[in-house]
Amino acid sequence: MNKSGRERLQSIRDRVKKEQSAKVTTVTVGMGSCSIAAGSEVVMKTFIEEIEHNGIEDVIVRKVGCRGMCSSEPTVEVCMQGIPTILYGQVTEGGAKKIVHKHILQRRLVNNMIFDDPGQATSKKVCNSYGTETAVIIFDNEYGSQDYSCDDIFKDFSATVIECKLDKDVQIVKAAEKKHYTAGCLVRILPDNAFLCSSKGDVDDIIDNAIVRKEEIATLAPLDEGCTQKKIVLRNAGRIDPESIEDAIVHAAYVGLEKALFESSPEEIIEEMKVSGLRGRGGGGYHTWKKWSDARQQDSDTKYIICNCDEGDPGSFKDRSIVESDPHTIIEAMVIAGYAIGAQHGIIYIRGEYALAVHRLQQAIREAEELGLLGEDILGSGFTFRCNICLGTGAFVCGEETGLIACVEGRRGMPRPRPPYPSTAGLYDAPTIINNVETLANIPAIVGKGGEWFSSIGTKSSTGTKVLSLSGKLCREGLVEVPMGTPLRNVIAIFGGGIRNGKRCKAVQTGGPSGGVITEENLDVPIDFDDMAAKGSMLGSGGIIAIDDDDCIIDTAKFYLKFAANESCGKCPSCRIGSKTLLHIFEKIAAGESTPQEKAQIFDLCKAMKKGSLCGLGTSTPNPIISLLSQFESEFLAHIDDKRCPAHRCRALITYSILANKCIGCTMCARSCPVDAISGEIQKVHVIDQEKCIRCGECFKACKFGAIERQ
Amino acid sequence: MESGPMQEVSQAVLEKIAEHRDKPGALLLILHMVQREYRYIPRAVAIEVAKQLGVPIAQVYGVITFSPLFKLKEPGRHHIGICQGTACYLSNSDDIIAALEELLGIGVNGVTDDGEFSIEVIACLGCCSLAPALSINGKVYGKVTRTQLTDILATCRGGDE
């Protein structure tokens with residue numbers, strides 16, 4: 001490739017930019033794994049068919065990757081000239097047809113289908129966009145009745161805009177999604193204003209002052225949600241077609257690569273990484289520049305860059321999403337990393353189970369090779385770098401650096417002692433850098449905009465942003481990217497929507513199987529490597545799992561121990577035997593069969609695992625156990641001393657009995673019992689045979705008279 | 001370990017083994033290829049791989065037995081993987097496992113007599129917003145309930161999968 005390689009890249013940028021600025025309507029349909037499982041392929045097909053069937057011109061239907069709104073999928077965004085860009089969620093085949101007929105053909109937004117993309121900047125006090133693109137979206141609340149309801153707000157807004165003859169320019173719509181405010185209903189005025197509305201006066205003020213006169217409202221402040229997303233890693237996720245290199249290129253893909261190869265030396269790039277302060281995003285939190293610098297200094301013709309996409313932490317799905325949504329960012333980052341350390345070979349080690357991500361990566365590599373962005377003499381720079389994919393085999397411990405290397409080399413993926421570290425002697429004994437997907441996805445932006453820009457975001461010890469995978473008992477699960485330093489409480493409330501069914505947040509598990517729990521009182525902890533470690537947990541890979549009062553800490557501890565016992569490679573006795581023995585003790589506790597001696601044994605075993613294990617799996621297995629037992633000591637003691645499970649989850653510790661003063665003999669409980677443990681005549685008090693009872697809870701669910709007592 | 005008559009290694013597979021055997025990391029590449037081709041690693045093929053790569057058969061089985069993705073026996077035509085990630089566990093995936101065992105009359109890691117279904121508990125699928133989730137031959141089903149299971153199995157039997 002000669003100079004024409006760079007020219008070809010620039011001409012793609014110019015051409016596609018022109019094509020995409022044409023005034024057409026764009027409909028983008030989310031097409032990540034969660035979207036597809038929720039039915040987005042059918043939705044996309046419906047859009048294409050309806051548009052064709054109705055002869056509608058100048059509409060493009062595209063797929064995009066993951067928007068991070070996993071529990072609202074399938075999501076569809078419609079961008080039309082003259083009306084605000086709208087995001088619809090949980091779209092069905094019927095919903096797609098409504099969007100085509102109402103939104104696209106009649107230019108009227110569809111009620112009860114709009115979803116919120118949380119964390120938009122809402123500090124603006126006046127609505128600057130009225131006149132061309134204004135929509136008022138009203139969100140009802142899940143709980144709590146207000147004197148002035150969402151329906152009242154909708155009626156009054158609709159009536160007032162008609163009175164003021166604004167109804168053609170200002171559309172009023174009710175959202176599908178429900179929020180959790182108590183002081184009023186969220187009203188978003190697209191694109192970037194938000195207020196909490198709780199009276200007719202507020203409605204009049206918003207229309208009169210903020211929208212028409214473009215003035216601040218004296219009595220109503222804009223809603224400050226306390227946190228906003230900042231998308232660096234996810235900058236293109238949900239915006240570009242992950243199967244089109246041209247779409248990636250027009251969204252700044254490979255700008256960083258050109259800057260690195262043609263305007264910087266490898267040492268300058270490493271220096272930029274040092275200034276950025278980027279720390280590993282896979283869980284270790286190690287300074288990226290140090291690893292790169294170590295590898296750079298090794299005198300070897302052969303060096304390797306490995307992208308670790310083995311994402312084994314249960315509850316973490318950010319790496320899958322990044323690769324499914326923006327595969328070119330990883331390729332670009334690996335070329336830059338290779339240039340910086342002097343490596344010509346790249347391997348992307350990715351879970352075999354991630355079929356869609358693998359497919360998109362394979363395509364992206366092919367496309368990059370065709371355009372001279374990978375291979376010999378990249379873009380005429382003189383730098384050669386090749387990349388291939390290596391599939392993982394389903395073992396968690398192969399996510400550990402030395403286990404990963406063993407696996408790629410065709411051996412059992414068992415970790416080995418360090419030193420030597422992989423940066424000195426790694427794959428086939430050559431200097432090797434292993435970086436997590438998210439770590440790499442930051443590189444093009446850092447090289448493009450500078451390390452100083454990156455370090456101005458976040459906190460002093462944890463610069464930049466963090467992608468968090470939210471799951472568990474939340475109202476809304478998905479992916480968010482926030483500046484480091486954002487309080488965890490705000491992440492749970494604003495992005496997670498709080499706990500489902502109005503329940504209390506008991507704790508938040510962070511850092512996966514190597515982490516711990518942060519209790520409700522401590523949720524103000526900032527998202528930060530050091531701050532979270534100080535609270536007895538860790539940030540890790542950014543998995544955030546919320547638990548409520550129905551979750552038992554013994555049961556949760558058992559889950560993590562079962563995981564560790566299954567995944568232990570077996571090399572170190574303290575991990576191999578320790579994890580199994582701890583699991584056995586916790587199974588006994590859950591069955592009400594533990595002995596007082598076993599209380600002390602738990603902590604001795606934890607200490608032994610920490611001291612005697614070679615790798616992070618063994619040394620960090622005790623972390624969630626110690627965290628759970630110390631934060632919830634009374635619940636732990638209730639199980640051991642009182643043989644009682646306060647969360648009613650450990651079946652052997654639950655007793656169901658019938659309250660004679662409440663039972664009317666309707667026989668519902670007897671009929672629901674799968675083992676015929678309940679007896680009694682019609683209209684006579686029933687009784688449960690405790691010997692036969694399997695504590696499944698079906699009678700408790702079936703009784704309409706509160707006559708079943710659960711202890 | 002697998003029992004029964006030794007399978008013949010097909011010409012196509014022999015050619016693929018020969019194609020990859022001199023590449024770095026050949027064993028892993030080849031085992032993935034065999035797993036894709038047969039849906040498990042037949043003993044005859046494992047022996048052939050060891051022969052072609054010039055490594056002891058124990059080394060090949062060392063890697064196979066370390067890796068949940070590589071199977072020692074043929075799964076059912078519809079292989080059901082129930083996710084055991086944290087979010088799925090908290091959403092009572094254990095009940096889904098119990099229900100499947102009851103409906104199919106087999107335990108986890110078993111195969112039905114007619115060879116149609118097998119059940120496995122698998123590592124986190126990374127679809128936590130769809131908990132409890134399961135996958136059948138790679139297709140993900142989310143927010144699965146006991147009542148939906150009968151329909152899902154019927155769809156598989158009906159040949160839509």
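In what follows, every chain begins at residue 1, and chains take the letters A, B, ... in the order their sequences are listed.
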Practice item. Determine whether B:Leu69 and A:Arg351 make a side-chain contact, defined as any pair of heavy atoms from C-beta on separated by less than 4.5 Å. Key: no
Check your understanding: Would you call A:Arg649 and B:Asn92 a side-chain contact if the rule is heavy atoms closer than 4.5 Å?
Key -> yes
Revision key, fill the gap. Shortest non-hydrogen pair, B:Pro24 vs A:Tyr428, comes out as C-OH, 3.4 Å
**Study point:** Toward chain B, the part of A:Asp550 with a non-hydrogen atom under 4.5 Å
**Key:** neither
**Study point:** Contact origin within A:Ala355 toward chain B - heavy atom pairs under 4.5 Å
**Key:** neither
Check your understanding: Hey, which of B:Cys127, B:Cys128, B:Ser129 is the one that makes side chain to side chain contact (heavy atoms under 4.5 Å, CB included) with A:Ser471?
Key -> B:Cys128
Practice item. Could you tell me whether the side chain of B:Leu130 reaches within less than 4.5 Å of the side chain of A:Glu477, counting heavy atoms only? Key: no
Exercise for review: Report yes if some heavy atom in the side chain of B:His32 is under 4.5 Å from a heavy atom in the side chain of A:Thr393; otherwise report no.
Suggested key: yes
Review point. So which of A:Ser72, A:Gly32, A:Ala395 has the largest heavy-atom pair count under 4.5 angstrom toward chain B?
Key: A:Ala395
Exercise for review: Using a 4.5 Å cut-off on heavy atoms from C-beta on, say whether the side chain of A:Phe317 contacts that of B:Cys124.
Suggested key: no
Point to revise | Residue part contacting chain B, namely of A:Arg412, when any heavy atom lies under 4.5 Å | key: both
Point to revise | Nearest heavy-atom neighbours spanning A:Cys390 and B:Leu28 | key: SG-CD2, 3.5 Å
Review point. Measuring heavy-atom distances to chain B, does A:Ile547 have an atom under 4.5 Å in its side chain, in its backbone, in both, or in neither?
Key: side chain
Review point. Can you say whether B:Ala131 sits under 4.5 Å from chain A via the side chain, the backbone, both, or neither, judging by heavy atoms?
Key: neither
**Study point:** Top contributor to chain B contacts, counting heavy-atom pairs under 4.5 Å, from A:Ser469, A:Pro513, A:Gly315
**Key:** A:Gly315
Review point. So what's closer than 4.5 Å to chain B heavy atoms on A:Phe396: side chain, backbone, both or neither?
Key: neither
Check your understanding: Under 4.5 Å between any side-chain heavy atoms of A:Ser33 and B:Val140, yes or no?
Key -> no
Exercise for review: Could you tell me which non-hydrogen atom of A:Cys398 sits nearest to which non-hydrogen atom of B:Phe66, and how far apart they are?
Suggested key: SG-CE2, 4.2 Å
Check your understanding: Are B:Arg36 and A:Leu391 close enough that some pair of their side-chain heavy atoms sits under 4.5 Å apart?
Key -> yes
Exercise for review: Tell me, yes or no, whether the heavy-atom count around B:Lys51 atom NZ, taken from other residues, nucleotides or ligands under 6.0 Å, exceeds 12.
Suggested key: no
**Study point:** Atom NZ of A:Lys562 with >12 non-hydrogen neighbours under 6.0 angstrom
**Key:** no
Check your understanding: Can you tell which of B:Gly85, B:Gly142, B:Cys88 has the highest number of heavy-atom pairs within less than 4.5 Å of chain A?
Key -> B:Gly85
Point to revise | chain A contact via B:Leu125 - side chain, backbone, both or neither, heavy atoms under 4.5 Å | key: backbone
Review point. What are the two closest heavy atoms between B:Leu90 and A:Lys473, and how far apart are they?
Key: O-CE, 3.7 Å
Point to revise | Residue, of A:Gly543, A:Gly570, A:Gly478, A:Gly392, that accumulates the most heavy atom pairs under 4.5 Å with chain B | key: A:Gly392
Exercise for review: Nearest 0.5 Å please: distance from the CG atom of B:Leu29 over to the CG atom of A:Asn388.
Suggested key: 8.0 Å
**Study point:** Test log, rule side-chain contact (heavy atoms from CB on, under 4.5 Å), inputs A:Phe563 and B:Thr86
**Key:** CA-CA 10 Å; A:Phe563 177 82; B:Thr86 323; over 6 Å; no
Check your understanding: Considering residues, nucleotides and ligands other than B:Asp114, do more than 12 of their heavy atoms fall under 6.0 Å from its CG?
Key -> yes
Check your understanding: Given the options A:Cys407, A:Gly472, A:Ala546, which has more heavy-atom pairs under 4.5 Å with chain B than any of the others?
Key -> A:Cys407
